[in-house]
Amino acid sequence: METIRKHLRYVSFFMAIMMAFGTVWASSATAGVVGTGELLTEQRADLDRQSLLEMLERDEVKDKLAQMGVSQEQVEERIQNLTPQELSAFEQQLAEAPVGEDVVGIIVLFLLVFVVTDMLCATNIYPFINCIR
């Protein structure tokens with residue numbers, strides 16, 4: 001009987017420690033409420049990214065990027081790193097662009113995004129652009 005009580009003390013001590021860790025862990029892992037606006041913004045950003053990646057599959061865009069010395073992988077990586085605000089501004093510019101100029105406009109816009117990210121030290125594609133930091 002004495003040995004059972006001794007083992008129960010160890011088990012109860014172990015359970016008390018585990019419950020304390022569980023309480024601390026549960027109090028630190030609080031979940032925030034996600035608003036409908038945030039969810040819609042994220043979904044819209046995903047759709048915008050997908051449409052831009054689909055535009056990269058066009059032969060004209062591939063040829064123009066190759067002429068300018070920018071690889072398709074760099075452009076795809078850059079699209080994945082764009083913020084939702086940048087994506088929506090980019091999509092708005094694409095929607096307002098005339099039909100004949102959309103390919104050239106897309107490429108110019110990509111190059112401008114590359115220049116800005118090089119200036120912000122996020123990338124180093126163009127060696128002649130210095131960081132502003």
Side-chain angles (χ1 to χ4, degrees):
M1 190 68 159
E2 187 67 33
T3 59
I4 293 175
R5 284 188 183 165
K6 189 175 181 181
H7 288 296
L8 284 177
R9 260 190 243 149
Y10 290 131
V11 170
S12 63
F13 179 72
F14 177 74
M15 293 294 286
I17 297 262
M18 293 306 291
M19 288 177 68
F21 282 134
T23 303
V24 169
W25 180 71
S27 67
S28 67
T30 58
V33 177
V34 178
T36 306
E38 293 176 27
L39 187 60
L40 291 176
T41 302
E42 289 177 19
Q43 288 178 348
R44 180 68 185 163
D46 290 341
L47 290 173
D48 290 344
R49 273 192 190 91
Q50 189 61 33
S51 68
L52 288 176
L53 291 173
E54 288 172 2
M55 284 182 176
L56 285 177
E57 297 302 320
R58 293 184 185 170
D59 290 333
E60 306 95 34
V61 175
K62 287 180 183 179
D63 293 340
K64 193 67 172 177
L65 287 173
Q67 288 175 359
M68 295 183 162
V70 179
S71 72
Q72 186 174 353
E73 291 81 24
Q74 289 174 328
V75 176
E76 288 175 1
E77 179 182 341
R78 196 62 55 89
I79 289 172
Q80 295 298 336
N81 292 332
L82 289 175
T83 64
Q85 293 81 14
E86 291 170 336
L87 281 169
S88 66
F90 189 68
E91 285 291 323
Q92 184 178 7
Q93 289 179 356
L94 287 178
E96 294 173 358
V99 175
E101 299 176 5
D102 68 0
V103 173
V104 175
I106 291 170
I107 293 171
V108 168
L109 188 59
F110 276 125
L111 294 176
L112 288 175
V113 169
F114 293 155
V115 168
V116 169
T117 55
D118 274 0
M119 289 174 64
L120 295 174
C121 302
T123 59
N124 190 15
I125 293 177
Y126 301 114
F128 55 87
I129 295 177
N130 296 325
C131 293
I132 58 175
R133 292 185 195 177

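Because the structure is predicted, anything quoted here is derived from the model rather than measured.
The shortest heavy-atom contact between Arg78 and Phe114 is NH1-CD2, 2.6 Å.
Atom CD of Glu76 sits in a crowded spot, with more than 12 heavy atoms from other residues, nucleotides or ligands closer than 6.0 Å.
Summarising the geometry, atom CE belonging to Met19 is positioned 11.5 Å from atom OG belonging to Ser12; distances are rounded to the nearest 0.5 Å. Note that CE of Met119 is 10.5 Å distant from OG1 of Thr117, once rounded to the nearest 0.5 Å. With values rounded to the nearest 0.5 angstrom, Arg49 atom CZ is found 8.0 Å from Asn81 atom CG.
No donor-acceptor pair under 3.5 Å is formed between the side chain of Glu57 and the backbone N or O of Glu54.
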